[in-house]
Amino acid sequence: MAVCVADGECDDLGGEMVGMSGRGARLEIKNVDLSFGGIAAIKSVSFEARASELLAMVGPNGAGKTAMLNCINGIYRPKAGQILLDGCDIAGQPLHKMVELGVGRAFQHAELFPHLTVVENLLIGRHCRFRAGLWGCGIYLGGARKEEIEERRQAERVVDFFELYRHRDTQVGALPYGIQKIVGVARALAMEPKLLLLDEPCTGLVREERENLARFLLRISHEVGPTVIWVEHDMQMVSDLADRVVVLNHGAKIIEGVPEVVRRAPEVVEAYLGHMTAQ
């Protein structure tokens, strides 16, 4: 089993996390089924996310997008099918193993620790990097002390990357909602994932906040390089940013491809865009 190891460094200029580039994993979803009490949430879905690709997953409410993310990172155990990360089947692995495997997740509602500061939340995102035992951390000497200093330095790199300088020592519960959503993405990236799952990070954001988050998504994709699976409703934003798109409807995949082709497909217009016409 692959483990979460600190094999990348951040450069000293502008907080760019360039040492993590090229670490994206290949994800293969093969005939995954998921049901709850006889109701099918995912119906034999298959698709692939290529290494370091920004893959958008779209569809109407109830299409199975979040359920698929929950299968990928171990919250749900699929009824059938395979979820292959760099060729290894990870379906049904417990959550803590997913962290070791390099799967990071930012949730739709941020799911942060509101009474902790931004930096403290980022340090929690890096918990898989800590190697000192309970005793060593308790006395805070030697290797444990050096380790915490290093992890705080890495957390500050993430602060720089997401331009959170003004908020670094602020309790996240006191921050505007848009900033909280960015902190949620930052915490997921802080663990240096090979696969980053983003569940509707733009939900509830105003236009300026969406544009700001779009800029960070491009930086993550181009400068850091994890494979990103991004659940989103904004088709214009998807068309502008995503490498490829997977469309789900009623738990089934209806099409997969590049944005300009997918958004013109009749089944997508009917199922997702409704009365809107493809441009």
Side-chain angles (χ1 to χ4, degrees), residues 17 20-21 23-29 32 42 45 47-73 75 83 85 98 102-111 125 161-162 178 180-205 207 209-249 253-263 268 272-273:
M17 301 163 67
M20 291 164 52
S21 61
R23 295 186 65 234
R26 181 185 179 193
L27 180 75
E28 298 172 87
I29 307 296
V32 167
I42 300 175
V45 169
F47 64 87
E48 175 187 351
R50 300 159 187 166
S52 298
E53 180 177 47
L54 178 55
L55 178 72
M57 184 160 38
V58 305
N61 290 331
K65 306 181 298 295
T66 296
M68 178 58 73
L69 292 190
N70 287 342
C71 288
I72 294 171
N73 84 314
I75 294 176
I83 300 174
L85 188 70
M98 292 299 186
V103 180
R105 173 84 178 265
F107 293 86
Q108 182 177 350
H109 300 293
E111 305 295 341
F161 185 89
F162 287 93
Q180 289 187 33
K181 295 296 287 282
I182 290 176
V183 174
V185 176
R187 186 181 64 180
L189 193 66
M191 66 164 284
E192 301 181 26
K194 297 189 297 182
L195 174 64
L196 179 62
L197 309 177
L198 303 178
D199 193 358
E200 299 188 29
C202 295
T203 298
L205 303 188
R207 179 177 177 179
E209 292 171 332
R210 284 172 174 262
E211 291 174 351
N212 200 33
L213 186 54
R215 180 167 57 88
F216 288 126
L217 288 179
L218 286 176
R219 288 195 65 195
I220 290 169
S221 182
H222 296 158
E223 298 177 23
V224 183
T227 303
V228 179
I229 297 184
W230 167 38
V231 171
E232 183 52 62
H233 279 292
D234 188 333
M235 283 297 290
Q236 184 59 57
M237 193 173 181
V238 166
S239 296
D240 291 341
L241 302 182
D243 296 315
R244 289 188 308 119
V245 183
V246 172
V247 184
L248 302 182
N249 191 28
K253 187 184 83 172
I254 59 175
I255 194 171
E256 174 182 357
V258 295
E260 56 267 29
V261 172
V262 166
R263 73 193 304 261
V268 175
Y272 186 67
L273 299 179

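Throughout, residue positions are numbered sequentially from 1 according to the sequence presented.
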Run the side chain to side chain contact (heavy atoms under 4.5 Å, CB included) check on Phe162 and Val183 step by step: do they pass? CA-CA 8 Å; Phe162 287 93; Val183 174; over 6 Å; no

Side chain to side chain contact (heavy atoms under 4.5 Å, CB included), that's the test. Do Thr203 and His109 meet it? Break it down for me. CA-CA 9 Å; Thr203 298; His109 300 293; 5.8 Å; no

Show the numbers, then the answer: is there a side chain to side chain contact (heavy atoms under 4.5 Å, CB included) between Ile75 and Arg105? CA-CA 11 Å; Ile75 294 176; Arg105 173 84 178 265; 3.8 Å; yes

Working for side chain to side chain contact (heavy atoms under 4.5 Å, CB included), residues Asn212 and Arg215: CA-CA 5 Å; Asn212 200 33; Arg215 180 167 57 88; 2.4 Å; yes

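Lys65 has its side chain within reach of Glu200: a pair of non-hydrogen atoms, C-beta onward, lies under 4.5 Å apart. Phe216 is not listed as a side-chain neighbour of Val185, based on a closest heavy-atom distance of 4.5 Å or more. In this structure, the side chains of Leu248 and Ile42 stay at 4.5 Å or more apart for every pair of heavy atoms. Residues Val262 and Val238 have side chains not in contact (no heavy-atom distance under 4.5 Å, counting atoms from C-beta outward). Within the 4.5 Å cutoff, the side chain of Leu55 has no heavy atoms near those of the Arg50 side chain. Residues Leu27 and Ile83 meet the side-chain proximity criterion, which asks for heavy atoms closer than 4.5 Å.
Put simply, CG on Leu189 and CZ on Phe161 are 6.0 Å apart, with the number rounded to the nearest 0.5 Å. We find the CD-CG distance between Glu111 and Asp199 to be 10.0 Å, quoted to the nearest 0.5 Å. A distance of 5.5 Å separates OG of Ser221 from CG of Asp243, quoted to the nearest 0.5 Å. Rounded to the nearest 0.5 Å, atoms CE (Met57) and CD (Glu232) are 12.0 Å apart. A distance of 12.5 Å separates OG of Ser52 from CD1 of Ile220, quoted to the nearest 0.5 Å. Here NZ of Lys253 is found 10.0 Å from CE of Met68. Values are rounded to the nearest 0.5 Å.
When each of Ile229, Val228, Leu54 is checked for a side chain to side chain contact (heavy atoms under 4.5 Å, CB included) with Leu198, only Val228 meets the rule.
In this structure, the side chain of Arg244 engages the main chain of Glu48 through a donor-acceptor pair within 3.5 Å. When atom types are taken as modelled, the side chain of Lys181 and the backbone of Pro201 share a donor-acceptor pair closer than 3.5 angstrom. Judged by distance alone, the side chain of Thr227 and the main-chain N or O of Arg26 form no donor-acceptor pair under 3.5 Å. Looking at Ser239, its side chain does come within 3.5 Å of a backbone N or O of Met235 through a donor-acceptor pair.
Looking at every heavy atom in both residues, Gly24 comes nearest to Ala51 through O-CB, 3.6 Å. When every heavy atom of Ala106 is checked against every heavy atom of Gly184, the shortest pair comes out as CB-O, 3.8 Å. Taking all atoms of both residues into account, the shortest heavy-atom contact from Cys202 to Arg210 is O-NH2, 3.5 Å. What you find for Pro259 and Ala242 is that their closest heavy atoms are CG-O, 3.5 Å.
Taking a cutoff of 4.0 Å between a charged side-chain nitrogen and a carboxylate oxygen, Glu211 and Arg207 qualify as a salt bridge.
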